[in-house]
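Read the structure below first, then the notes.
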Amino acid sequence: MAPLIGVVMGSKSDLETLQPALDLLAELGVAHEVRILSVHRTPARALDYAAHAESRGLKAIVAAAGGAAHLPGMIAAATLVPVLGVPVAVTVLNGVDALLSIVQMPKGVPVGTLAIGKPGAANAALLAMQIVANGDAALRERLRTWRAARAQEVIASDVEQEKLNGARGGV
Ligand code: RP5
C-alpha cells in the first residue's frame with residue numbers, strides 16, 4: 001500500500017528516538033515509510049523527497065533532527081504537505097537547540113513542532129494520523145479507541161490506588 005505518512009530523520013542515529021512513532025503507526029495500521037535524509041549532507045536527496053511528497057500521496061511528514069535541526073524546515077519549504085517536527089536530543093544542549101531551531105520557523109513556512117525526544121515522536125505520529133483521519137473514518141475510530149484505552153489505563157491505576165487507600169484506612 002502506498003505510504004500516507006513519511007517519517008524522515010537527519011541521521012540513522014535518530015532512529016531510536018523515532019521508534020515510538022513507528023510503533024504507533026504500525027499499531028494503528030497506517031501505511032508509512034522511513035527515510036534517512038540529511039539537508040546538510042544529502043541536500044539534493046532531501047529536497048527531492050520533499051518536492052515529490054505531494055504527488056506520491058503523502059498526507060503528512062514527520063521530520064526529526066538534532067542539533068541545528070534544519071531538516072523539518074527545509075522539507076516544509078519544498079512542500080505543502082504538513083510537516084511535524086521532532087527535536088532530537090543529541091548534543092550537550094539536550095535537544096533544546098533542536099527545539100528552538102524547529103519551532104522558530106519564520107512566518108510563512110510552518111512546521112508543527114512537538115516535544116523533544118520520544119514523547120514528541122509519539123505525538124507527531126498521532127497528529128500525523130489525525131491529519132490522515134480527516135479523510136478516513138475508520139482510522140479516526142481506531143484513534144478514538146486508542147485514546148480511550150489510554151484513559152482506561154489511568155482509571156485502572158486510580159482504582160488500584162483507591163483500594164490501597166482503603167486498606168490503609170485513608171491517607
Ligand atoms: C543531525 O545531526 C541528525 O538529525 C542527528 O540528530 C545529528 C547527529 O547526526 P550523526 O552525527 O549521528 O549522523 O543532522
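One-based numbering, in listed order, for ligands and for the atoms of each. We count residues from 1, following the sequence as given.
Residues Ile75 and Leu127 are members of separate hydrophobic clusters, defined by side-chain heavy-atom contacts under 4.5 angstrom among Ile, Leu, Val, Met, Phe, Trp and Tyr. Hydrophobic cluster membership differs between Val109 and Ile131, with clusters built from Ile, Leu, Val, Met, Phe, Trp and Tyr side chains linked at under 4.5 angstrom.
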Q.
I'd like to know whether Glu16 forms a salt bridge (charged side-chain N to carboxylate O under 4.0 Å, His left out) with Lys118, so could you lay out the CA-CA distance, the side-chain angles of the two residues, the decisive distance to 0.1 Å, and finally the verdict.
A. CA-CA 8 Å; Glu16 192 197 337; Lys118 290 183 178 183; 3.6 Å; yes
Q) Can you list the steps and then say if Met9 with Ile36 is a side chain to side chain contact (heavy atoms under 4.5 Å, CB included)? A) CA-CA 5 Å; Met9 61 205 81; Ile36 314 292; 3.6 Å; yes
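The distance criterion of under 3.5 Å between nitrogen or oxygen atoms is met by Arg41 with respect to ligand 1.
What sits closest to atom 10 (P) of ligand 1 on the protein, heavy atoms only, is Ser11 OG, 3.3 Å. The protein non-hydrogen atom at the shortest distance from atom 7 (C) of ligand 1 is Val90 CG2, 4.0 Å. For atom 14 (O) of ligand 1, the closest heavy atom belonging to the protein is His40 CE1, 3.3 Å.
Which parts of ligand 1 touch Ala65 is read off a 4.0 Å heavy-atom cut-off, strictly below it: atoms 4 (O).
The heavy atom nearest to atom 6 (O) of ligand 1, considering only Asp14, Leu71, Val88, is found in Asp14. Of the listed options Ser13, Ala98, Gly66, Ser13 places a heavy atom closest to atom 8 (C) of ligand 1.
When only modelled atom types and interatomic distance are considered, Arg45 and Thr42 share no side-chain donor-acceptor pair under 3.5 Å.
Within the cation-pi definition used here (under 6.0 Å to the ring centroid, within 45° of the axis), Arg150 qualifies as a partner of Trp146.
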